[in-house]
Amino acid sequence: MKKILVTGGAGFIGSHLCERLLNEGNEVICLDNYFTGSKSNVIHLLKNPYFELIRHDITSSFYIEVDEIYNLACPASPIHYQYNPIKTIKTSVMGAINMLGLAKRIRAKVLQASTSEVYGDPKIHPQTEDYWGNVNPIGTRSCYDEGKRCAETLFMDYHIQNNVKIKIIRIFNTYGPRMHPNDGRVVSNFIVQALKNKDITIYGDGTQTRSFQYVDDLVEGMIRMMATDESVIGPVNIGNPGEFQIIELAEKILQMTGSKSKIVFKPLPADDPIQRQPDISMAKKVLSNWEPNIQLEEGLEKTIEYFKNTINP
Ligand code: NAD
Ligand code: UDP
């Protein structure tokens, strides 16, 4: 039985990861300050004696003996990470320093949940791991993008300088049950709007693209990444290469929910990337042929079902 720390474990992705790690017979310590996550995401795990939930902010140091650390703590939706940008960058940078310091001291493996945002508004398409990105260092998304980029730098430097066993994954847009209904991300926004027969808000003309990954595929990729041998450190893209225009997503959700909502167009937020699609050749190679199994329609069905049961239309 491994002892595993998951920071940000009460969030959307973290809660699925904790559940899966427990199901595989591990002991899981979930650390969260509940900024965007909540106890309700993991309440069903509390009856498991091998699950422990701790309220803690990773900008302060934390000491524990574990074998592995998954570092997910960080608000991930633009509305949430822009609410307090200084706190966001502190969470990424000081959180990385604290978790890397801990990993160094206890000789644990540590995995960083990085992001496709490190590529910014990409000039190459699809994005490969060797692309350095096109990121505005002083824009509204910078607290998140540059925080995550700096965290990657810290991970590499702790690895090179102190031999810390690291893994870096770059996660592309992920969706599924337990997304926060008001976090402003496109999949949750459109589903909630459709179920409430409210206007579907497309920012810009809806021709910008994203590639959407269902959460179970990501969790499988994360676990496989942690299990790779020491020579594999990443960064490795984890995402679903199926690329869709935002307007296509809106139409699909309208059709699947049978909603009476109308599509309305709103201004495009600053620095909103025009296109995004992962090249997952590296993931396939180093993660024993990992690839996403759940395509958009199937994943949306599960997510729509979840929101039907959690919001009051
Ligand atoms: P989320 O907001 O649901 O989860 C983040 C969790 O971190 C929340 O439970 C929150 O309360 C916690 N947290 C935030 N600041 C903290 C702090 N200072 N100390 C302790 N806990 C803190 O978001 P998510 O979608 O589950 O994202 C999880 C991770 O994956 C994030 O690091 C995010 O950057 C990364 N990621 C997510 C996506 C995606 O599409 N969902 C894409 C790329 C990267
Ligand atoms: N978006 C939209 N309407 C919404 C929410 C988001 O058109 O109600 C767009 C947003 O401008 C972006 C895309 O959908 O182009 C994905 O947004 P999200 O915040 O989910 O993720 P990110 O931009 O961080 O990839």
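All values below were derived from every heavy atom in this structure, side-chain atoms included, with hydrogens, water molecules and symmetry-related copies excluded. Each ligand, and each atom within it, is numbered from 1 in the order the structure gives.
- On a distance-only criterion, N33 and ligand 1 share at least one N/O pair closer than 3.5 Å.
- Of the N or O atoms in I171, none lie within a sub-3.5 Å distance of an N or O in ligand 1.
- Proximity of N237 to M282: side-chain heavy atoms (C-beta onward) are nowhere separated by under 4.5 Å.
- Side-chain contact check for S261 versus I253: every heavy-atom pair is 4.5 Å or farther apart.
- Geometrically, ligand 1 and L31 share no nitrogen or oxygen pair separated by less than 3.5 Å.
- When heavy-atom distances to ligand 2 are checked against a 4.0 Å cut-off, V186 comes that close through both its backbone and its side chain.
- Taking only non-hydrogen atoms, the option from L72, T115, I238 nearest to atom 29 (C) of ligand 1 is L72.
- Within the set C74, G14, C30, the minimum heavy-atom distance to atom 5 (C) of ligand 1 is found for C74.
- At a heavy-atom distance under 4.0 Å, only side-chain atoms of E117, from C-beta outward, approach ligand 2.
- Ligand 1 is never approached by G95 to a heavy-atom distance shorter than 4.0 Å.
- Residue contacts with ligand 1, taken as heavy atom pairs separated by less than 4.0 Å, involve D57 via backbone and side-chain atoms alike.
- Contact annotation for Q208 and ligand 2: only side-chain heavy atoms (C-beta onward) come within less than 4.0 Å of the ligand.
- At under 3.5 Å, not a single nitrogen or oxygen of Q193, backbone or side chain, sits near a nitrogen or oxygen of ligand 2.
- N189 ND2, 2.8 Å is the protein heavy atom nearest to atom 8 (O) of ligand 2.
- At a 4.0 Å heavy-atom cut-off, ligand 1 does not touch S38 at all.
- In this structure, Y70 OH and I4 CD1 are separated by 5.5 Å, a value rounded to the nearest 0.5 Å.
- Under the 30°/60° scheme for interplanar angles, the aromatic rings of Y119 and Y131 are found to lie parallel.
- Residue contacts with ligand 1, taken as heavy atom pairs separated by less than 4.0 Å, do not involve E117 at all.
- The CG atom of L53 sits 5.0 Å away from atom SG of C30, with the distance rounded to the nearest 0.5 Å.
- Atom NZ of residue K123 and atom CD of residue Q275 lie 8.5 Å apart, to the nearest 0.5 angstrom.
- If you look at N173 next to ligand 2, the close heavy atoms, those under 4.0 Å, all belong to the side chain.
- D216 contributes atom CG, which lies 6.5 Å from atom NZ of K302 (distance to the nearest 0.5 angstrom).
- Contact annotation: K90 has no heavy atom less than 4.0 Å from any atom of ligand 1.
- An N or O contact shorter than 3.5 Å is missing between A73 and ligand 1 by distance.
- Of the candidates M222, R185, R55, M179, it is R185 that places a heavy atom closest to atom 25 (O) of ligand 1.
- The proximity of I246 to ligand 2, defined as any non-hydrogen pair under 4.0 Å, is limited to the side chain.
- Closest protein heavy atom to atom 11 (O) of ligand 2: D272 OD2, 2.7 Å.
- No heavy atom of S77 sits closer than 4.0 Å to any atom of ligand 1.
- Under the 3.5 Å distance criterion, with hydrogens and angles disregarded, a donor-acceptor pair is assigned to the side chains of N197 and S259.
- Y144 counts as a contact of ligand 1, since one of its heavy atoms falls under 4.0 Å from the ligand.
- Between R210 and ligand 2, a contact under 3.5 Å exists for at least one N or O pair.
- Looking at R141 against ligand 2, only its side chain comes within 4.0 Å, counting heavy atoms.
- To the nearest 0.5 Å, atoms CD1 (I166) and NZ (K109) are separated by 12.5 Å.
- Residue N173 places no N or O, backbone or side chain, under 3.5 Å from any N or O of ligand 1.
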